[in-house]
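Just follow the structure's listing: the first ligand is 1, and inside any ligand the first atom is 1. All of these numbers come straight from a predicted model, not from anything done at the bench.
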Amino acid sequence: MAALLGRVRSDLELGRRLAVLRAGTLALAVAGDPVARLFQAPWRYDPYETYDAVRERGPLVWSRSGTWVSSDFATSAAVLRDRRFGVRLASGQQPFDVTGGPVDAQAETNTLDLSLLGLDPPDHTRLRRLATPALSARRVEAMRPTVEATTARLLDGLDLRRATDLMDAFASPLPIAVISDVMAIPVEEQHRFAAWGRTLGASLDGVSSVRHLHRLLRAQADLQALFDRLLAERRRDPGEDLLSRLVAVDDRETTAEEVVSLAQLLLLAGFETTTNLIGNALRALFAHPDQLDAVRRDPAGLAPGLVAETLRYDPPVQLTGRVAHEPVELAGHRVRRDQVVLVLIGAAGRDPARHPRPADFDVSRADAESLAFSGGAHYCVGAPLARLEGEVALSSLLERWPDLRAAGRPVPRSTTVIRGLQRLSVRA
Ligand code: HEM
């Protein structure tokens, strides 16, 4: 009874804190603060307008929400690659608490365990080495036949004579099947992944409600239980999969918790983002009929350009953050130790100083360089796999249904860090 009362009280307190936070964000957004606008409807649905407005104020601006914001390509790339920036505060803690509370000794319970994404060297370097070999460009190229077969199997199951939600029927199950295959996770476990991914992905924006926090904690506990079990199985009976390789390393080098949280990150990062790469590419094609026509005529030839241009034009991960580990002179400002720079990945891809006609979606662009996979120490481990999946998925889809078209308006997700679609109704 006392425990239940305690929980009700802490839920009420959290609900109050979130309401205050929401009111504060709304007030800042109305006053024009760019960071608040990125996290607040209606502005969050079109961040590119806010990005342009921030960039016009300068490459690095101070937000009243308490962070620096970088929006041009050169400054953003420099921050990501600069070793004087990391992801933890001098105290060793993460700079953000998902519930919007102060970062103090207890706050660690309210931060996400992001594995590599939340670690600085030397822990980051040590753990990252475990994951990279299995996802190298060479290994990934060897996965092509499996990715093609999985794609064909999913496409075989579609009947596009009637309107179909492609996010649910294709863009989401494909990357889940591929990363599950890499980890040898049985098919019967996979039905819960999409919902976990959405809950955990949304929490990168901070939790939105008490219900969201409970869903998040449940998803984390379920995921933890799944990997505790799978990793124990692999220790007893190892195979050739990525999980077996993770448990095969010397356990004096890593703790069991580190391996579990790395496995969770690889699973979630492995599908949440790639799903949105496929959805965002199709959304952009439907909005640009000339580009859709061009890709229809040569799906395989233009697929790499389509993927690169989508990553520049409308990337699935829109922003990340770095903490200054020492004072840094940057774009004419002094960033103090422990201050955070929000790096607007989506804005960097639209910087007119880096790309001519940045707001045009052009799959034949000679140079579509972006920061969609970040840069420096945290550069995406799964970039080669994501590119392969995006290329195979989009080219196979348009080869099979050259007259694929939208059947209704795409429904966007309401998240900021992860940008993608909730629903994309199509027919052919
Ligand atoms: C289009 C798809 C993808 C996008 C846009 C994407 C984007 C990103 C970004 C922006 C980061 C770095 C964030 C930061 O600097 O703070 C990152 C890191 C990471 N990604 Fe991806 N990712 C994608 C697919 C994948 C896939 C398929 C996997 C795994 C199979 C993966 C695994 C990881 C891991 C493990 C990290 C952490 C790296 C580190 O912190 O050292 N990602 N990704």
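Nearest to atom 10 (C) of ligand 1 among the protein's heavy atoms is A372 O, 3.3 Å.
Taking every non-hydrogen atom of L277 and a distance limit under 4.0 Å, the qualifying atoms of ligand 1 come out as 1 (C). Remark: ligand 1 atoms within the under-4.0 Å shell around heavy atoms of A377 are 41 (O). Per-residue contacts place R322 under 4.0 angstrom from the following atoms of ligand 1 (heavy atoms of the residue considered): 14 (C), 15 (O), 16 (O). Taking every heavy atom of H124 and a limit of under 4.0 angstrom, the matching atoms of ligand 1 come to 39 (C), 40 (O), 41 (O).
Protein N/O/S atoms found under 2.8 Å from atom 21 (Fe) of ligand 1: C380 SG.
When heavy-atom distances to ligand 1 are checked against a 4.0 Å cut-off, R128 comes that close only through its side chain, counted from C-beta outward. The proximity of V182 to ligand 1, defined as any non-hydrogen pair under 4.0 Å, does not occur for either the backbone or the side chain. Looking at T320 against ligand 1, only its side chain comes within 4.0 Å, counting heavy atoms. Contacts between I179 and ligand 1 below 4.0 angstrom, taking non-hydrogen atoms only, involve the side chain exclusively.
Under the side chain to side chain contact (heavy atoms under 4.5 Å, CB included) rule, L319 has a single partner from V35, T416, L204, which is T416.
Applying the side-chain hydrogen bond (donor to acceptor under 3.5 Å, both in side chains) rule to pairs touching residues 163-178 yields nothing, sequence neighbours excluded.
When side chains are defined from C-beta on, V335 does not count as touching W62, because their heavy atoms never get closer than 4.5 Å. Looking only at side-chain heavy atoms (C-beta outward), P238 and R245 stay at 4.5 Å or farther from each other.
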